[in-house]
Amino acid sequence: MKAIRRALLRWYRANARDFPWRRSRDPYAIWVSETMLQQTRSATVVPYYERFLKNFPTARVLACASPDEVMRHFAGLGYYSRARNLHAAAQTVVREHGGALPDEVKELRKLPGVGPYTAAALASIAFDQPVASVDGNVMRVLTRLLDLRDDIRLPATRRKLEAAAAELVRGAQPGALNQALMELGATLCSRRRPACTRCPLHRHCKALSRGVQATLPVRSPAPRKKRLRAAAALLLRGGRLLMVRRPPRGLLGGLWELPGGELDAREQAAAGLLRTLREGVGIAAAAPEPLGSVRHIFTHRVLRLYLFRVTPQPGRVRRHGFDAHRWCSLTAARALPLSSLARRALDHATASQS
DNA sequence: TATGCGTGGGC
DNA sequence: TGCCCAAGCAT
């Protein structure tokens, strides 16, 4: 165990990649990075992280910002409940902890958006607490090191690995040990073609000694994605287009998009669009002009979004199921917090119609 | 315990 | 095209 610890730390000191969050000791900055890194590649996070910290340098500044402004800096990153939770948690930190992040796992876990992994990562990296943070990378490294063939989708497997990791990070430099395990999993101990010859743990790896490293970790297959269809409108009035904001919870919560909605089974796209406009924004229209479609893949769904240009009949917007609406210039619409899907839809619709 | 929640990249 | 994956969390 001691040899493993020493090998990991030495390897990490020599091989840690240079990320902006690794240059900071500020618990708030580390918190922001850990939140953005949840289920997200580090290369994707870098520009978001830098922009976010420039605009919201402290928990106090973040706590005072508007929800739209916070969401604007998460737009395109995905899993948007992270932004809402981070914002709410910053307000809690200001209100209950004087603006400074608590240093204990138990207190950190009470913050919305801070789960077992993030709490342990913060406590160890920012506050030197000897707790193990087990993410997907660590699970891959440890299942191989131990030749553990249990399904890593199961919580029971996760508990076993957390116990193993807890043994490892006992003692000095828990933050560096946790990061070393993650870094190893993110680089050498990759899912396919692990670079075992360069691995600091190759002498200790049970899976390697048995030649089964490429078969680990074992993970039961995910259920098949559901297909769904939706329609959205470039709804123009006096040179401005209508944008709507989705309610805070659920899919793409808090983000803006073109008005429209999901189609029923076998419903024609144009007819369905007119129905969703009637139901969602209380606007009547006729003869939608087709502008093509875009395909978008979510974690658990495959969406086909049909786009139309629509000339509305006179009448006020009466929202139902949306949070807010706004008549915008194209420039203003593009500056709203948009999901990647909404941005692509807007781009596609405006390019097709001109 | 199972499911919902984004996005972009790799093969 | 389809499937898997990447520093998970909430309900």
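Keep in mind that the numbers below use all heavy atoms, side chains included, and drop hydrogens, waters and symmetry copies. Below, chains carry the letters A, B, ... as their sequence lines are ordered, and counting in each starts from 1.
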(message) Ring centres under 6.0 Å, that's the criterion: do A/Phe298 and A/His296 meet it?
(response) yes
(request) Using a 4.0 Å heavy-atom cut-off across all strands, classify A/Val114 as base, sugar-phosphate, or nothing. (result) sugar-phosphate
(message) Can you identify which nucleotide, out of B/dG6, C/dC4, B/dC5, has its nearest atom closest to the A/Pro221 side chain?
(response) C/dC4
(request) Could you tell me the separation between the CZ atom of A/Arg153 and the P atom of C/dA6, rounded to a whole number of Å? (result) 11 Å
(message) Can you measure A/Ile152 atom CD1 to C/dG8 atom P for me and round it to whole angstrom units?
(response) 11 Å
(request) Report which part of the nucleic acid A/Pro112 touches: base, sugar-phosphate, or nothing (heavy-atom distance under 4.0 Å, all strands). (result) sugar-phosphate
(message) Rounded to the nearest 0.5 Å, what separates atom CG in A/Leu242 from atom NE2 in A/His325?
(response) 6.5 Å
(request) Fit a plane to each ring of A/Trp21 and A/Phe19, take the angle between them on a 0 to 90° scale, and name the class: parallel (under 30°), tilted (30 to 60°) or perpendicular (over 60°). (result) parallel
(message) Tell me whether the side-chain N/O atoms of A/Arg140 come closer than 4.0 Å to OP1 or OP2 in C/dC5.
(response) no
(message) Does B/dG6 have its OP1 or OP2 closer than 4.0 Å to a side-chain nitrogen or oxygen of A/His296?
(response) no
(request) Between A/Lys226 and A/Arg191, name the one whose nearest nucleotide on DNA chain B is closer to the 5' end. (result) A/Lys226
(message) Nearest whole Å is fine: how far is C/dA6 P from A/Gln179 CD?
(response) 18 Å
(request) Would you please indicate yes or no on a ring centroid separation below 6.0 angstrom for A/Phe74 and A/Phe52? (result) yes
(message) Taking the minimum atom-to-atom distance to the side chain of A/Asp135, which one of C/dG8, B/dC5, C/dC5 wins?
(response) C/dG8
(request) Provide the distance between the two C1' atoms, one in C/dA6 and one in B/dC5, to the nearest whole Å. (result) 15 Å
(message) Would you say A/Tyr80 places a side-chain N or O within less than 4.0 Å of OP1 or OP2 belonging to B/dT7?
(response) yes
(request) Calculate the interatomic distance between A/His300 atom NE2 and B/dT3 atom C1'; express it in whole Å. (result) 8 Å
(message) Does A/Ser340 contact B/dG8 through a side-chain donor or acceptor facing the base, at a distance under 3.5 Å?
(response) no
(request) Could you work out which one of C/dG2, B/dT1, C/dC5 sits closest to the side chain of A/Arg41? (result) C/dC5
(request) Could you please name the option among B/dT7, C/dG8, B/dT1 that lies closest to any side-chain atom of A/Tyr117? (result) C/dG8
(request) Tell me what A/Gly76 touches on the nucleic acid: a base, only sugar-phosphate, or nothing, going by heavy atoms under 4.0 Å. (result) sugar-phosphate
(message) Using the P atom as the point on both nucleotides, what is the distance between B/dT3 and C/dC4, in whole Å?
(response) 15 Å
(message) Can you tell me if A/Arg227 touches the phosphate of C/dG2, counting only side-chain N or O atoms and a distance under 4.0 Å to OP1 or OP2?
(response) yes
(message) Using the side-chain heavy atoms of A/Thr118, tell me which of these nucleotides is nearest: C/dA6, C/dC9, B/dG6.
(response) C/dC9
(request) Specify the separation, in whole Å, of atom CD of A/Gln38 and atom C1' of C/dC9. (result) 6 Å
(request) Could you check whether A/Leu154 gets within reach of a base, just the sugar-phosphate, or nothing at all, counting any heavy atom under 4.0 Å? (result) nothing
(request) With C1' as the reference atom in both, quote the distance from C/dC5 to B/dG6 in angstrom, rounded to an integer. (result) 13 Å
(request) State which of B/dG6, C/dT11, C/dC9 makes the closest approach to the side chain of A/Arg249. (result) C/dT11
(request) May I have the distance from A/Leu251 (atom CG) to B/dT7 (atom C1'), rounded to whole angstrom? (result) 12 Å
(message) Using ring centroids (six-membered ring only for Trp), state whether A/His73 and A/Tyr48 fall under 6.0 Å.
(response) no
(request) Could you tell me the separation between the CZ atom of A/Arg192 and the P atom of B/dC11, rounded to a whole number of Å? (result) 7 Å
(message) Counting neighbours of CZ on A/Arg319 that are heavy atoms of other residues, nucleotides or ligands and sit closer than 6.0 Å, is the number greater than 12?
(response) yes
(request) Take A/Ser42 and A/Arg109, find for each the nucleotide of DNA chain C with the closest heavy atom, and name the residue whose nucleotide sits nearer the 5' end. (result) A/Ser42
(message) Counting only side-chain nitrogens and oxygens, does A/Arg193 get under 4.0 Å of the OP1 or OP2 atom of B/dC11?
(response) no
(request) Would you sort out whether A/Leu336 and A/Cys328 count as a side-chain contact (heavy atoms from CB on, under 4.5 Å), showing the intermediate values? (result) CA-CA 10 Å; A/Leu336 291 169; A/Cys328 308; 4.1 Å; yes
(request) Starting at atom CD of A/Glu34, determine the distance to atom P of C/dA6, rounded to an integer number of angstrom. (result) 16 Å
